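Worth saying up front: this structure is predicted, and the values here are computed from it rather than measured. Every chain is numbered from 1, with letters handed out A, B, ... down the list of sequences.
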Number of protein chains: 2
Amino acid sequence: MPKRGMEPIRRAQLIEATFFCIHKYGFAGTTIKRVAEKAGTSVGLVLHYFGSKDGLLEATMRSLLKKLGTNLQSDDISDDDPKAQITAIINSNFAEDQVSPEAITVWLAFWGQALHTPKLSRLQKINLARLRSNLRYWLSQLLPKEDARFAADGLAALIDGLWLRGAFEETGIQRRHARDICLDYLNRALK
Amino acid sequence: MPKRGMEPIRRAQLIEATFFCIHKYGFAGTTIKRVAEKAGTSVGLVLHYFGSKDGLLEATMRSLLKKLGTNLQSDDISDDDPKAQITAIINSNFAEDQVSPEAITVWLAFWGQALHTPKLSRLQKINLARLRSNLRYWLSQLLPKEDARFAADGLAALIDGLWLRGAFEETGIQRRHARDICLDYLNRALK
DNA sequence: CCTAATGTTGAGCGTTCATTCAATGATATA
DNA sequence: TATATCATTGAATGAACGCTCAACATTAGG
């Protein structure tokens, strides 16, 4: 029962199915066949829309990074309260819909794979730099430049490390605990 | 030219070759054939000694974790100086031979794969818990119990996060910088 | 020297993978 | 209603995978 205008719908379905498969089977175990089955379509259709498996994976990573970067923009905090801005960044990184076991697993899978796939590597580097430079910007309003850089590097690593360890906690990330650790780091850095 | 007593030598060679392949090709791209070629042996021999690809990978992860956990024991610091003990833990995690791009890449690859391989998952959890409990033990000599747990969780995440980000720096981890961030965290936690 | 144990290989098996391709179904437009 | 375009499928292909197995080479002990 094919209808016109299916392209965006199919693309979204297939990306969603790819998330599911990476979460369930890992990067190595994610095959086009499995993705197609999960999405309820044929193998041929996947390649019709994404050209190749690499194309599908790249689109999926783009979608993931977009998701992970979206939360922040919805908040509107006054620009003259840097600490509130940083707090918002921390909160957004541990918002409920960001730290699902599925999100963490897939995020980690891409992290590992990006080391061996130039296109994914570029996306990953952009994302890494973004968090750090955002933190640097707001911290530099509160601290001398060098201290701001130092604290931003630490805070960025701390956030990622909490994510990383969260991948192995059955319950997913302990959101409040993770948030408290980051806020504590921030408060101590500002003293 | 086969000789007796080759088993331990071959095992070591093959594990070494597996490191190389995981670093170069990633987890998904590491095949028995590539490992055998790198080690200069035949495909059959790999399976002769490790039974299966999974067996080889498990042995390789065991070897990696052993490497990463070795440094500490060589240091001997008096037990009545907890801060020195913690400093030694931090230093050992960023010791030169621990933070080679190869080590970080392989470590990260296993981290991602362990989520989908029960045997690797068990190894991984043991390792995660070890760092944290070591930190807890020494911190609890300097801080109230709850504060010690809090700081240990933060410091463990910070260390792992610095490793994680180091995977994407062309130069590998900036050892001194990473160390300074951790020591700074420690000092502030003890105030 | 013979034999048993160890070390090693390469061919071959069945499976699964990503990808190509020709063909068909459905819809909008003219 | 005709036609071009979009949506979709399933079969076919060739390569690569992990793994089995029979056979051979080398060595140590009796």
Side-chain angles (χ1 to χ4, degrees), chain A residues 1-61 109-110 112-113 116-120, chain B residues 1-61 109-110 112-113 116-120:
Chain A
M1 53 189 96
K3 300 194 177 161
R4 287 290 182 93
M6 292 300 289
E7 177 156 354
I9 298 170
R10 289 287 183 230
R11 291 187 100 96
Q13 284 177 333
L14 290 168
I15 286 173
E16 191 59 34
T18 309
F19 275 119
F20 175 88
C21 288
I22 293 177
H23 167 62
K24 186 162 183 183
Y25 307 112
F27 219 92
T30 295
T31 68
I32 294 185
K33 192 184 170 196
R34 276 180 167 161
V35 170
E37 269 171 12
K38 178 67 186 171
T41 72
S42 67
V43 171
L45 201 65
V46 179
L47 293 145
H48 174 54
Y49 281 126
F50 292 97
S52 68
K53 188 185 180 182
D54 281 350
L56 172 65
L57 293 173
E58 190 191 336
T60 304
M61 183 169 179
F110 275 112
Q113 192 60 30
H116 307 96
T117 312
K119 277 192 181 178
L120 299 185
Chain B
M1 53 186 95
K3 299 195 179 163
R4 288 290 182 94
M6 291 301 289
E7 178 157 354
I9 296 170
R10 289 286 183 232
R11 292 186 99 97
Q13 282 177 335
L14 290 167
I15 286 174
E16 191 58 34
T18 308
F19 275 119
F20 175 88
C21 289
I22 293 177
H23 167 62
K24 186 161 183 182
Y25 306 112
F27 219 94
T30 294
T31 67
I32 294 184
K33 192 183 170 196
R34 275 178 167 163
V35 170
E37 270 171 10
K38 179 66 187 174
T41 71
S42 68
V43 171
L45 202 65
V46 179
L47 295 145
H48 173 61
Y49 281 125
F50 292 97
S52 68
K53 188 185 179 183
D54 281 350
L56 172 66
L57 294 173
E58 190 192 336
T60 304
M61 183 170 179
F110 276 112
Q113 191 60 29
H116 306 97
T117 311
K119 278 191 180 177
L120 299 185

Pull out every protein N or O sitting under 3.5 Å from an N or O of nucleotides 1-5 of chain D, one pair per line with the distance.
| from | atom 1 | to | atom 2 | distance (Å) |
| --- | --- | --- | --- | --- |
| D/dT5 | O2 | A/R4 | NH2 | 2.9 |

Inset, instruction - Would you mind telling me which residue lines up with the more 5' stretch of DNA chain C, A/G51 or A/T31, judged by nearest nucleotide? - result: A/T31

Length of the [atom1]-[atom2] vector between [X] and [N], whole Å:
X	N	atom1	atom2	value
B/L14	C/dT8	CG	C1'	12 Å
A/Y25	C/dT16	OH	P	14 Å
A/Y49	D/dC6	OH	P	10 Å
A/D54	C/dT19	CG	C1'	12 Å
A/L47	D/dT9	CG	P	13 Å
A/K33	D/dC17	NZ	P	19 Å
B/F50	C/dT8	CZ	C1'	15 Å
B/I9	C/dG7	CD1	P	10 Å

Inset, instruction - Ignoring the backbone of B/I32, work out which of C/dT19, D/dC19, D/dT8 is nearest its side chain. - result: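 For B/I32, the side-chain atoms sit closest to D/dC19.
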
Inset, instruction - Measure from the side chain of B/K53, starting at C-beta and using heavy atoms only, and say which of C/dT8, D/dC19, D/dA7 lies closest. - result: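 It is D/dC19.
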
Inset, instruction - Kindly give the heavy-atom pair with the smallest separation between A/H116 and B/Y25, and that separation in Å. - result: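 Closest heavy-atom pair between A/H116 and B/Y25: CD2-C, 3.7 Å.
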
Legend entry - Closest non-hydrogen atom pair, B/Q113 against B/L120: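 Where B/Q113 meets B/L120 most closely, the heavy atoms are CG-CD1, 4.1 Å.
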
Please tabulate, for the side chains in residues 28-38 of chain A, all donor-acceptor contacts under 3.5 angstrom to protein atoms that are two or more places apart in sequence or on a different chain.
| from | atom 1 | to | atom 2 | distance (Å) |
| --- | --- | --- | --- | --- |
| A/T30 | OG1 | A/C21 | O | 3.4 |
| A/T30 | OG1 | A/I22 | N | 3.4 |
| A/T30 | OG1 | A/G26 | O | 2.7 |
| A/T31 | OG1 | A/R34 | N | 3.2 |
| A/R34 | NH1 | A/G29 | O | 2.7 |

Nearest 0.5 Å, please: how far is [atom2] in [Y] from [atom1] in [X]?
X	Y	atom1	atom2	result
A/I15	A/L57	CD1	CG	10.5 Å
B/H23	B/F19	NE2	CZ	12.0 Å
B/R10	B/Q13	CZ	CD	5.0 Å
B/E7	B/H48	CD	NE2	7.0 Å

Legend entry - Option among A/T60, A/T18, A/L14, A/L45 that satisfies the side-chain contact (heavy atoms from CB on, under 4.5 Å) test with A/F50: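 The option that passes is A/L14.
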
Distances under 3.5 Å only, N/O to N/O: pair up the protein atoms with those of nucleotides 9-14 of chain C.
| from | atom 1 | to | atom 2 | distance (Å) |
| --- | --- | --- | --- | --- |
| C/dT9 | OP2 | B/S42 | N | 3.1 |
| C/dT9 | OP2 | B/S42 | OG | 3.0 |

